Peer 1: 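Quick one: this structure, given as C-alpha cells, is what I'll be asking you about.
Predicted, not measured: the structure shown is a model, and the values here were computed from it. In the text below, chain A, chain B and the rest are named by the order of the sequence lines, each starting its count at 1.
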2 protein chains.
Amino acid sequence: MPDPTTCQFEGRPRRIVLTGAHRSPEYCLTCGVRSRSVCSALDDGDIARLAETAVETLVLPGRCFIEEGGPATDFFNITSGTVKLFKALPDGRRQITGFAGTGHFLGLAVSDHYAFGAEALDTVRLCRFSRARMRHLLDDFPRMERRLLEEASNELVAAQNQMLLLGRKTARERVASFLLDRMQDALDPTGIVPLPMTRADIADYLGLTIETVSRTLSWLRREGMIAIGKGHAIRIAAMARLETLASGDS
Amino acid sequence: MPDPTTCQFEGRPRRIVLTGAHRSPEYCLTCGVRSRSVCSALDDGDIARLAETAVETLVLPGRCFIEEGGPATDFFNITSGTVKLFKALPDGRRQITGFAGTGHFLGLAVSDHYAFGAEALDTVRLCRFSRARMRHLLDDFPRMERRLLEEASNELVAAQNQMLLLGRKTARERVASFLLDRMQDALDPTGIVPLPMTRADIADYLGLTIETVSRTLSWLRREGMIAIGKGHAIRIAAMARLETLASGDS
DNA sequence: TTCAGGCATTGATTCAGGTCAACTCTGCCC
DNA sequence: GGGCAGAGTTGACCTGAATCAATGCCTGAA
C-alpha cells in the first residue's frame, strides 16, 4: 500500500519514444494528451527535442510526488489522471489549492523549493523534465513560454475565484460552486459530475469540514437540486437553481 | 469627489517621452520604476518601442479603473502607488484578491473580459497598453514574455498562500500573516508597517469583518506584539511571536 | 461468513466570528 | 468654534459551521 507520508516516484520511469501517432500536435509525447497539453504549442521538431529530455512516470493513487517545501528539481506535465495540490500548516490543517488533470503543468515555481505538495488521486501518468533542461527548452521554444503564460493566467483566474469562495461564500454556496466547476471540467452534457476525490478532499478544497460537506450534499439532495449516485458521482438535477445558489444571488 | 461606482480614467493620459534617465533599465518608461518593472527585462531598443505604444495615466484615490466583467481592452504596468484587486458577489459581498504596487502588471486575463476589478488606494500612476498592441509586443520581445511568466508564477504562489489563509487560518493567524506579508513588501527593517488601506479593505482581503479586524488588532496590541500608530501605520514589537502565530504553530 | 478499517452520514452541542448597536475619534467645511 | 460624515473601536448577543459522538455502509482479508 502506498505510504502517503513519503514522497517518491512509483512505477517505471523511462525514456519516451515517439511513434507515428505521437507526432500529431493533438497528442503529447507518448500518451495521447489533448489540446491543453504542452504539445499543442509545439511542432514535430519541437516534440522530437522534448522527447530527448522528458521522462514518463507512473504515479500510484495516494502517492505524494511533490513535497511542499522540498527542493524544486522537476517540472511536470500530466498526461492522464488527476492530482490534488495542497498546502499544510504545522498542526496538520490542510488546504487543497486545486486539482490538476490531463494536460496541466506543475512545478512552475520561481523559487528553488516547491510552494505546494502534489498527490495522485488516481493512477497518474506524467512527463517529467528536470528544471535545468526546462529552462533551456524555454529559450529554444518561445511557443512553449506562450503556452505556460496562458496556463498560468488561467490558473490565476481560477485562484481568484477560489479566494472569493473561501473568503466570502457560505457552505451551501461553496458546495454548489464546486459541483458546477467540476461539471465544467468534465464537459459532460448529461449533468453527471464525477468526483474522484473523497469528502475529506472536497472539505480541504472548500475550507469546510467533512461533516459540513456531507450535510450540505444531503441538503442539496433533499432540495432536489442533485441526485447522489454510487461510486463518487453526482447528477445535477436542477442546474438553474444550483447556479443561482452558487453565484450568491439567494 | 471621485465616484467609485463609475469606472473611468482620471488625469491626463499622454504619450510617453523618454529622457536620458529613463533609458536606464532600472527605470520604467517615464516614471522611475524599480527592478520589478517591465523594463528590467528589456533593453534600450525595447524600451523605445514600448514608449511608442504605452500611455501614462494618473488614477485618483478611490477610483475604479478596471471593472470586473467589463471588456478587457487594456493591459497595465503600475509605476507608482497601490491598487486593490477584487471580486464581488451580486449581493455586495467582496473579496480583495490582492494588492498590487509599483512594478506590477494587471490585465493578464486570457478571456476578453476582466475577471476582477481594480481600484486605486492612493494616487496611482500607470502605463497603459492596448491589449492588441501588447500581443504584438510579446511577439517582438521574448524577454517580456519571460518577465510576465515570472510575475504570474509569483502571483500564483501568493494566491496559494492566500487560499491557505482564507480556508484554514483563524482570525488571529490571518491578521498576523497579513502584517508580516505587508512588512516583507515594505522592506522596512525597523518593523514599521504602512497600511495604506482601510479596515474594510483589510477585512475584505482576509475574509473577515471590520469588527473582527479591529478587535484582533487591539488584542495583538494588548498582547504586546504590535504598537498601533497614528495615520495607518503599525509597528511590529515582537516579530518572533507574531511569526509563530502567523504560521499556525500555536 | 465474519471481521476490520476507512469512508460517509446524521445528531447534539459548542464556539469563533458575524451581526447589531453604541460610541469615539478625526478631519473637514462652514 | 460647531457640526457633520466617515473611519475605527468596543460591547452584547446570535448563528453558521466546527466539534464531538454514534452509527451505517462498503470492500478486502482471513
Peer 1: Using atom CG of Leu217(B) as one end and atom P of dA7(D) as the other, report the distance to the nearest whole Å.
Peer 2: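 My rounded result for the distance is 17 Å.
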Peer 1: Taking all heavy atoms of Ile78(B) and all of Gly101(B), pick out the closest pair and write down the distance.
Peer 2: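 Minimum heavy-atom separation between Ile78(B) and Gly101(B): CB-O, 3.6 Å.
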Peer 1: Taking any atom under 4.0 angstrom from a heavy atom of chain A, which nucleotides of DNA chain C are the first and last to qualify, 5' to 3'?
Peer 2: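 First and last nucleotides in contact are dA8(C) to dA12(C).
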Peer 1: Hey, can you tell me if Phe76(A) and Phe65(A) have their rings parallel, tilted or perpendicular (30° and 60° cut-offs)?
Peer 2: perpendicular
Peer 1: Any salt bridge linking Glu173(B) with Arg93(A)? Criterion: basic side-chain nitrogen under 4.0 Å from a carboxylate oxygen.
Peer 2: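 Yes, charged N to carboxylate O under 4.0 Å.
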Peer 1: Is the phosphate of dG16(D) approached by Thr170(A) (side-chain N or O, under 4.0 Å from OP1 or OP2)?
Peer 2: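 No, no such contact exists.
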Peer 1: When rounded to the nearest 0.5 angstrom, what is the spacing between CG in Leu156(A) and CZ in Phe116(B)?
Peer 2: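 Atom-to-atom, Leu156(A):CG and Phe116(B):CZ are 8.5 Å apart.
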Peer 1: Counting only non-hydrogen atoms, which of residues 208-216 of chain B are less than 4.0 Å from DNA chain C?
Peer 2: Leu208(B), Thr209(B), Glu211(B), Thr212(B), Arg215(B)
Peer 1: With side-chain contact (heavy atoms from CB on, under 4.5 Å) as the test, pick out the partner of Gln95(A) among Leu85(A), Asp204(A), Leu206(A), Leu166(A).
Peer 2: Leu166(A)
Peer 1: Taking all atoms of both residues into account, what is the closest heavy-atom pair of Leu106(A) and Ala100(A), and its distance?
Peer 2: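 Shortest heavy-atom contact: CD2-CB, 4.2 Å.
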Peer 1: So, Lys87(A) side chain and Ala115(A) main chain: donor-acceptor pair closer than 3.5 Å or not?
Peer 2: yes
Peer 1: For DNA chain C, whose closest nucleotide is more 5', that of His232(A) or that of Arg168(A)?
Peer 2: His232(A)
Peer 1: How long is the line joining NZ of Lys169(A) and C1' of dA17(D), in whole Å?
Peer 2: 18 Å
Peer 1: Within this structure, what is the CD1-to-P distance between Ile228(A) and dC25(D), rounded to whole angstrom?
Peer 2: 15 Å
Peer 1: Given atom CG of Leu206(A) and atom C1' of dA18(D), what is their separation to the nearest angstrom?
Peer 2: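 Going from CG in Leu206(A) over to C1' in dA18(D) covers 15 Å.
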Peer 1: Mind checking the CG-CD1 spacing from Leu180(B) to Ile236(B)? Nearest 0.5 Å is all I need.
Peer 2: 5.0 Å
Peer 1: Leu195(B) has an atom CG; how far is it from atom C1' of dG8(D), in whole Å?
Peer 2: 13 Å
